[in-house]
Amino acid sequence: MGQKARVFIFFSLFLLSLWAINLIEEGGFYFEAKAATESTSPGQATLEPKATPENPTEPHASPKSPPTPDPKAPPEPKATPALKATPDPKATLDPKATPDPKAPPNPKAPLEAKEEPKSPDGANQASLSQPETSLTQDPPPAAPPFGFSDVETLAKTLAAQPFSPQDPKKASFIRENYGEDVFSEIRFKEENLLWADEGFFALGFCHPGSVYDQTVIVNLVENGQVKESSFRPTLFNYPHPSLSLKAMEQGLGYSGFSLYYPINSPDKSEKTLIFQGASNFQALARQANLGLTSRGLIIDPALPEGEQYPYFRRFWLVKPGPLDRAMTIYALLEAQSLTGAFAFVVKPGASLVIEVSATIFSRQGRAWPRKLGLAPVSGMYLFSEKENGSPYDWRPEVHSCDALLYSIDDKTWSHRPLNNPKRLMLSYFKEAPIVGYGLIQKDGDFDHFQDIGARYDRRAWVFVEPGEGFGAGQLELLEIPSSKEIHENVLAFWARDLSSETGARELRYDYKLYWTPPGVTPHRLGRVVANRLLTTTDPETAEFIVDFEGETLNALSAETGLASQVEPEGNFPVLDKKLFKNPVTGGWRLRFKTRSPLSGGVMESIFTGRAENWRPPRVRARLVRGENLPEPLTETFIYDFN
């Protein structure tokens, strides 16, 4: 072999060695890159892993470095990526391309427009990796749940605006075109009750018409979010098809709503609470019918300038959970001189309890009303045993309540029988502090009423337990002459003294309402079960008979040294009194006679009766343990001469 041939072969072998070395190096880089790209799925490539105790400072480093694969070994099967696009391997491995997540941004770095890297098919690489970027973003914050503060804010906003009365003509077409009887035949279809199969509470709606000519907005609150429930004629049965079409054309709203609850039987839901008309609502108790009415407020009652009538305009009903036995209702109240936010927590049971919280705002440019009645309750009284019935009615008694009951402490309870006066009568009870009051139905005996339809013997009565914010004031009882039992002519309320609220624009208070079956009282003292005022031939005297009964009282024998206290308030003496055991009922009967405080003449009594803050002459009577033992055994009977 010649010299030239040997040089050529040597040079060729040298080049072949260089080529082989280069091939091995390129192959090793390929496997390293492939192993790196397959160790992290595309959907995780841009996520920053949480720092761990083993690696607290380097979020992109693994706790343990993976072994370098053998370049001669065949590649492992490639994992199926979550996305079609595969991140650029060089971008993943190049330390210059991976910014330090803890490094602060360079404020001096120029903002350069850079071309986005392209995928092999020409698509924009950044757009393909967009789902990865979205995984690092926090979800948008949920809207805050609706609550009482939202109603307060709305009431405060409206207080800065003039009062806008609602036009009642929309709902009056039923009365004008069809008559009252037709309205009474419109019925809500109970098969359309909302929430009927979702828990203990169900919801029905009230149709507008007749005296219910004001409509309300009913909102449902579920998971903190509000949705309005619009009026639907298909929820009602109409006596005439044309009435359904007309109701749809008028664009009516509901006049109120009713809650259903299995209060007497777990298998049957009954109409338990109704909000309808002005700021009125009424409820029932277990083993009792729908009873007395409570109101949001009463404003300037029995004043010469006339009474203002507040209205609940909007409601928010919080949907209860499947096992909830209490339900929350929010309401917005409006009147000429004020607005109000109310919260009602309804708890049905043996006595239906409603916990009420209220915030009242006086309207801008308007002073507080002269008289603001908090926690008013109202009922109907025509006659009872004390009037010996009525010559114009076959029933012995007609009333949904027959007395005002109030307490100043656990041992002192006062019982004031109701009247159907010949003229409007306003009575004041200035004892303080009054810890509770209500209009009671003490009589639950059907034989005393004989009314199969009205069943006044089963009407639930209402007791009020004041809470925080009632402040200074007095309990007042308003009695209005009436000849029809459809009118609620008796009203009791706490008259809030606003003289100290001259500069204040809002008033906060709370209280509880208890709807209770007839014959049940909130104390264990002897009860006034009957009272009668005797008409005598002597116009200068007044004679009373008062019957007391109670478990403890009835157990006392006739030989027990019980005593009575009769206390006139005014210049009219007690002429006679007698106390004896009733052998038929087991109770006790007190009979006493006083000088008549109205014997000065009819005209004088009428004149003084019209004077503001005039209080009629009053007499009190109770039973005590003995002449020298003043602890009361019974309620204190009160009679106001009118």
Do S337 and Q308 have a side chain donor and acceptor closer than 3.5 Å? yes

Approximate separation, where rounding is to 0.5 Å, of N289 CG and Y456 OH: 11.5 Å

How about Y254 and F257: are their ring centres within less than 6.0 Å of each other? no

Looking at G453, is its backbone amide N or carbonyl O close enough to the side chain of D451 to form a donor-acceptor pair, meaning the two atoms are under 3.5 Å apart? yes

Other residues, nucleotides, ligands: >12 heavy atoms within 6.0 Å of D409 CG: yes

So do the side chains of L405 and W413 get within less than 4.5 Å of each other, counting heavy atoms only? yes

Can you confirm whether or not the ring centre of W195 sits under 6.0 Å from the ring centre of F201? no

Looking at side-chain heavy atoms only, is the closest gap between Y261 and P348 below 4.5 Å? yes

Taking the ring centre of each residue, are F429 and Y406 less than 6.0 Å apart? yes

Residue from I440, V377, L475, V490 passing side chain to side chain contact (heavy atoms under 4.5 Å, CB included) with L404: L475

Parallel under 30°, tilted from 30 to 60°, perpendicular over 60°: which one fits the rings of Y509 and F342? perpendicular

Parallel, tilted or perpendicular: rings of F236 and F231 (30°, 60°): parallel

May I ask you to decide if the ring planes of F641 and F572 are parallel, tilted or perpendicular, using 30° and 60° as cut-offs? perpendicular

Decide yes or no for Y514 and V462: does some side-chain heavy atom of the first lie under 4.5 Å from some side-chain heavy atom of the second? no

I want to know whether F275 and F344 have ring centres closer than 6.0 Å. yes

